[in-house]
Amino acid sequence: QVQLVESGGGLVQAGGSVRLSCAASGRTFSTYAMGWFRQAPGKEREFVASISWSGSSTLYTNSVKGRFTISRDNAKNTVYLQMNSLKPEDTAVYYCAAEKLGLASRHRSDYDYWGQGTQVTVSS
């Protein structure tokens, strides 16, 4: 069992930056791929970014490429999402998720564990 706790959300102005963190419990964190998803009010939860167990492979949804960076520190059992040049349309609850096979993935169904989410609000 893996427990995931997100932090770092809040209110930020358009064009600003925020770094989200996701701390994982358990000794097997380094073998899991990790992902970030987001859900805006009235919308489906959507993929944002993913990183393989080693960090050698990353995936991004097109709308955040060049603005967001996913990274991980396996020694700290933590995955990060650095979000720059934020736009109002980035406003959502952001969730981190863990995938047992260790392969970066865009698909919600591939992920085995989810955090509770952290709110990011971007004002215009």
- Apply side chain to side chain donor-acceptor pair (under 3.5 Å) to Thr91 and Glu89, showing your working. CA-CA 5 Å; Thr91 295; Glu89 51 264 44; over 6 Å; no
- Task: Give the intermediate values and the outcome of side chain to side chain contact (heavy atoms under 4.5 Å, CB included) for residues Val79 and Ile51.
- Result: CA-CA 9 Å; Val79 63; Ile51 188 166; 4.1 Å; yes
- Task: Go through Tyr94 and Met83 one step at a time and tell me if the side chain to side chain contact (heavy atoms under 4.5 Å, CB included) criterion holds.
- Result: CA-CA 11 Å; Tyr94 283 71; Met83 305 190 293; 3.8 Å; yes
- Walk me through it: do Leu81 and Thr69 pass the test side chain to side chain contact (heavy atoms under 4.5 Å, CB included)? CA-CA 6 Å; Leu81 186 67; Thr69 302; over 6 Å; no
- Task: Please step through side chain to side chain donor-acceptor pair (under 3.5 Å) for the pair Thr78 and Asp73, ending with a clear verdict.
- Result: CA-CA 5 Å; Thr78 303; Asp73 185 339; over 6 Å; no
- Apply side chain to side chain contact (heavy atoms under 4.5 Å, CB included) to Met34 and Cys22, showing your working. CA-CA 9 Å; Met34 300 297 295; Cys22 174; 4.3 Å; yes
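The pair Arg106-Glu46 does not meet the salt-bridge criterion, since no charged nitrogen lies less than 4.0 angstrom from a carboxylate oxygen. With respect to the salt-bridge test (charged N to carboxylate O, under 4.0 angstrom), the residues Arg38 and Asp90 qualify.
Centroid-to-centroid, the aromatic rings of Tyr95 and Phe37 stay 6.0 Å apart or farther. Ring centroids of Trp36 and Phe68 are separated by 6.0 Å or more, keeping the two rings apart.
With values rounded to the nearest 0.5 angstrom, His107 atom NE2 is found 9.0 Å from Leu59 atom CG. Rounding to the nearest 0.5 angstrom, the gap separating the SG atom in Cys96 from the CD atom in Gln116 is 10.0 Å. Atoms CG and OG, on Asp110 and Ser105 in that order, are 3.5 Å from each other to the nearest 0.5 Å. The CD atom of Gln13 lies 5.0 Å from the OG atom of Ser123; values are rounded to the nearest 0.5 Å. Here the CG-OG distance, from Asn77 to Ser30, works out to 7.5 Å after rounding to the nearest 0.5 Å.
Taking 4.5 Å as the limit, every side-chain heavy atom of Leu101 sits out of range of all side-chain heavy atoms of Tyr32. Considering only heavy atoms from C-beta on, Thr118 stays 4.5 Å or farther from Val93 through its side chain. Side-chain contact check for Tyr80 versus Ile70: every heavy-atom pair is 4.5 Å or farther apart. Contact check for Val120 versus Leu20: side-chain heavy atoms found under the 4.5 Å cut-off.
Closest of all the heavy-atom pairs between Ala92 and Gln119 is O-NE2, 3.4 Å. Across every non-hydrogen atom of Ser50 and Ala104, the tightest pair is OG-CA, 3.2 Å. Residues Ser85 and Ser17 approach most closely at N-OG, 4.4 Å, considering heavy atoms. Here the shortest heavy-atom pairing between Gly35 and Tyr111 reads N-CE2, 3.6 Å. Here the closest non-hydrogen pair linking Ala98 and Leu4 is N-CD1, 3.8 Å.
Cation-pi geometry between Arg45 and Trp114 is satisfied (NZ or CZ under 6.0 Å from the ring centre, within 45° of the ring normal).
The number of heavy-atom neighbours closer than 6.0 Å to NZ of Lys65, taken from other residues, nucleotides and ligands shown, is above 12.
Distance alone, capped at 3.5 Å, places no donor-acceptor pair between the Asp112 side chain and the Glu99 backbone. With Glu6 contributing its side chain and Gly117 its backbone, the two residues share a donor-acceptor pair below 3.5 Å. Looking only at distances, no side-chain donor or acceptor of Ser52 sits under 3.5 Å from a matching main-chain atom of Ala33.
Cluster membership for Tyr60 and Val122, using ILVMFWY side-chain heavy atoms within less than 4.5 angstrom, is shared.
Qualifying side chain to side chain donor-acceptor pair (under 3.5 Å) partners for Gln3, counting only residues two or more places apart in sequence or in other chains: none.
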